Amino acid sequence: GESVGLHLPTLSVQEGDNSIINCAYSNSASDYFIWYKQESGKGPQFIIDIRSNMDKRQGQRVTVLLNKTVKHLSLQIAATQPGDSAVYFCAERGSGGSYIPTFGRGTSLIVHP
Amino acid sequence: NAGVTQTPKFQVLKTGQSMTLQCAQDMNHNSMYWYRQDPGMGLRLIYYSASEGTTDKGEVPNGYNVSRLNKREFSLRLESAAPSQTSVYFCASSPDEKLFFGSGTQLSVL
């Protein structure tokens, strides 16, 4: 899984499988979390977000789970497709009014056809 | 609607040269940011601007200066480039917590 301080991990899956990308965050005061997807040669793109008053949020084929007890965030991608191959970043925002997120180092997802 | 536009896309500099990376957004966002991305390091904030007329240092500001020219434009300047500044630079803008990124500038300093 992904965490600030680790080298870029890689997750390899087969097309059609479900993918789970993990993220450990450090600031227990963080109240907002975002997942970004970065395809090769492009800038990061927003996927889904979740606030700290929620445990789960679903989008189209993606689900984010938040466990505040252990400061853990995960992104689940259902029926993974080759187009999902990218680097995925989690970002956290500390409470206190600043909008500036802190990014993790990313997880590389490779989808094999 | 172009979103966030960065120029140039690629640049090679010699040590000691100066250059300015340009960024413009057409989404009327108040906040703009400059990040650098190095292999295995994720995105590190260089400078940000919460609104027109204000700029603040981020995590790695040394060797850089910024200008928030107007609401649309936020430029990043390297006065004397160093090899340690070889990186991919991303500009972003935001109306709130969600950031919208440009496609990046790949900079090599020889």
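This structure is a prediction, so every number in the text was calculated from the model and none was measured. Per chain, numbering begins at 1; letters A, B, ... match sequence-line order.
The contact between B/Tyr33 and chain A is made entirely by side chain atoms (from C-beta outward), counting heavy-atom distances below 4.5 Å.
Residues A/Phe103 and B/Leu45 have side chains not in contact (no heavy-atom distance under 4.5 Å, counting atoms from C-beta outward).
B/Tyr48 and B/Leu76 are not part of a single hydrophobic cluster, where members link through side-chain heavy atoms under 4.5 Å apart. Residues B/Val88 and B/Tyr47 fall into different hydrophobic clusters, defined by Ile, Leu, Val, Met, Phe, Trp and Tyr side chains chained together at heavy-atom separations under 4.5 Å. A/Ile48 is connected to A/Tyr25 through a chain of hydrophobic side-chain contacts under 4.5 Å among Ile, Leu, Val, Met, Phe, Trp and Tyr, so both are in one cluster. Under the 4.5 Å side-chain heavy-atom criterion for grouping Ile, Leu, Val, Met, Phe, Trp and Tyr, A/Leu73 is connected to A/Leu11 within one hydrophobic cluster. If you chain together hydrophobic residues whose side chains sit under 4.5 Å apart, B/Ile46 and B/Val66 fall into the same group.
To the nearest 0.5 Å, atoms OG1 (A/Thr102) and CD (B/Glu59) are separated by 8.0 Å.
Judged by distance alone, the side chain of A/Tyr36 and the main-chain N or O of B/Leu99 form a donor-acceptor pair under 3.5 Å.
Considering every non-hydrogen atom in both B/Gly42 and A/Phe89, the closest pair reads CA-CE2, 3.8 Å. Across every non-hydrogen atom of A/Ile34 and B/Lys98, the tightest pair is CD1-CA, 4.1 Å.
Of all the listed residues (A/Gln38, A/Lys42, A/Gln45), the one sharing the greatest number of non-hydrogen pairs under 4.5 Å with chain B is A/Gln38.
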